[in-house]
Number of protein chains: 2
Amino acid sequence: MPTVTARVLDVLAAFSADRPRLTLSELAVRAGLPLSTAHRLVGELTAWGALERSDDGRYHVGLRLWEVGALAPRSLGLRETAMPFLEDLYEVTRQNVQLAVLDGTEVVYVERLSGRSSVHVFTRVGGRLPLHATGVGLVLLAHADPELRERVLAAPLRRYTEKTVCDPAELRRMLADVRTTGVAISDGQIELISLSVAAPVRGPNGDVVAALSVVVPADGTNPHSFVPAVRATARGISRALTLSEHHFP
Amino acid sequence: MPTVTARVLDVLAAFSADRPRLTLSELAVRAGLPLSTAHRLVGELTAWGALERSDDGRYHVGLRLWEVGALAPRSLGLRETAMPFLEDLYEVTRQNVQLAVLDGTEVVYVERLSGRSSVHVFTRVGGRLPLHATGVGLVLLAHADPELRERVLAAPLRRYTEKTVCDPAELRRMLADVRTTGVAISDGQIELISLSVAAPVRGPNGDVVAALSVVVPADGTNPHSFVPAVRATARGISRALTLSEHHFP
DNA sequence: ACCATGCTTCCACTGAACGGAAGGATGGGC
DNA sequence: GCCCATCCTTCCGTTCAGTGGAAGCATGGT
């Protein structure tokens, strides 16, 4: 049942972080469409500004589409309220500061502040990572719907480094810890060179709607020294969200 | 000639910054579609994740669409490279720091850092403003294709405050100034309470690909004192862009 | 000169999209 | 409780927009 809408969206979904610029033929293959059909769709999308074509003939996602995407409440509303707090946290730590939300069974990074002296991390605004291997993921998983939690723990968990925790029982213990302490510390579970300290951000009704983290180099820095600042920032954002008129789904 | 693609995009375009959450009927009206058609399209978009539906039945832009939008090179590539420099600039000034690009005859804001002590401005990431009334706009206009410049100056220019410069001749003079000094200072032209200091960001081939600005309160602060920092930041980003492997259209 | 690769245009067929209309669901006024 | 208003959902026969194979064009490598 190939509806036109689905095809249009498949074309958009053909772009990815590692291949953000595609030729028409690549696009057609990735979207699973005949060349002539892809040609027409892409033409319409380009005319509207959803895609743009550069001099070399490759297509990439256009600014108009980015603009529409920027209206997503979980991005726009959250960012706007959180930014001053993230800024403060960055100024105190001078490390990568990240804000992420839960979507499906993954973490989606919504904002990241990084300075020249921060560790280079491979997360990216708009990027996804699994829940079990990141600080923000552990926080979101710890406060998620139990049904989702079980589903995630039941599935096979990808190992990124020798330190990645893939054992459901141990993860369960860690999640309980996160709930009692209010912070998660993920040490080298995604990249050995970095560790992250994360805390939950709550919406007006008390649900956890996001998580923030500071990523610090794993060079002997004591992660616990960051806990108070991270926790305070998360509380600050939660309070600001409660006062703001923005709503979250 | 209502192609399906156009309809899908019209549905997406129905959302705006002041109305980011719409009911089905509102959407149908705004997109100019019969209710039943809107119903089907919105259903397909929601199934894919381009739209999301909240408990109150309203629709809003979904995270999946935001993710795809985040792949736009002018957003992603630019942001990634510029962030550390913007961060530095924020730390020095503690004011709103903005990064914007040119699209059509308008400025589009790509990133904004704001702290608790910054002036509250009404620009917004993903938002648009005209070229003649903002600092970044003047910079982008000054270095734009002459054909575009003439077109903008020929069109009627909206007045936002008593200080907005709407006279083509005077604007032309200001733009020449911007080209020689390398910075633009827009004083109260969009809001009386704030002024901005802007400078051009250049891509690998020397073209101006973006502009950055610092927005400061118009309370007697001397804008000229910000010029060196803004200029240095813009230069830093330009240099970093030249070294990076990202390309810009 | 030839072929390979990738893009663009054309056009006859067809089945997916269309939208009017009817049927639910909810809620609020009286 | 009843009615009416508003908004959402489903249905289905008609039709016309979307489809995609094929042929033509542009480039550039050998």
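Every chain is numbered from 1 and lettered A, B, ... according to where its sequence line falls, protein lines coming before strand lines. As the structure is a computational prediction, the values presented were derived from the model and not from experiment.
Residue pairs meeting the side chain to side chain donor-acceptor pair (under 3.5 Å) criterion with at least one partner in residues 127-146 of chain B, sequence neighbours excluded, are A:Glu67-B:Arg128, B:Asp103-B:Arg128, B:Glu106-B:Arg128.
When rounded to the nearest whole Å, the span between CG of A:Asp10 and P of D:dT19 equals 12 Å. Distance, B:Arg40 CZ to D:dT10 C1': 12 Å, rounded to whole Å. Computed from coordinates, the B:Leu24 CG to C:dG24 C1' distance equals 15 Å when rounded to whole Å. Between the CD atom of A:Glu26 and the P atom of C:dT5 there is a distance of 14 Å, given to the nearest Å. Between A:Glu44 atom CD and C:dT8 atom P there is a gap of 14 Å when expressed in whole angstrom units. The interatomic distance linking A:His39 (NE2) with D:dC25 (P) rounds to 15 Å, in whole Å. As rounded to whole Å, 9 Å separates atom P of D:dC8 from atom CG of B:Leu27. Atom-to-atom, CG of A:Leu33 to P of D:dG18 comes out at 14 Å; the value is rounded to the nearest Å.
Of the candidate nucleotides D:dT19, C:dT9, D:dC11, D:dT19 has the atom nearest to the side chain of A:Leu41. Considering only the side chain of A:Thr37, D:dG20 comes nearest among C:dC7, D:dT9, D:dG20. With C:dT8, D:dG18, D:dC8 as the choices, the nucleotide that has an atom nearest any side-chain atom of B:Leu35 turns out to be D:dC8. Closest contact between the side chain of A:Val4 and the listed nucleotides C:dT8, D:dC8, C:dA17 involves C:dA17. Residue A:Ser36 places its side chain closer to D:dA22 than to any other of D:dC8, D:dG18, D:dA22.
Counting only N and O atoms by type, the side chains of A:Ser54 and A:Arg21 include a donor and acceptor under 3.5 Å apart. Looking at A:Thr123 and A:Gln98, their side chains do bring a donor and an acceptor atom within 3.5 Å of each other.
Map A:Ser25 and A:Thr5 each onto its nearest nucleotide of DNA chain C; the residue landing nearer the 5' end is A:Ser25.
Here B:Arg7 lies in heavy-atom contact (under 4.0 Å) with sugar-phosphate atoms only.
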Contacts table for residues 41-50 of chain B: side-chain donor-acceptor under 3.5 angstrom, sequence neighbours left out:
residue, atom, partner, partner atom, Å
B:Glu44, OE1, A:Thr5, OG1, 2.4
B:Thr46, OG1, B:Val42, O, 2.6

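Counted within 6.0 Å of CZ on B:Arg124, heavy atoms from surrounding residues, nucleotides or ligands total more than 12; the atom is thus considered enclosed.
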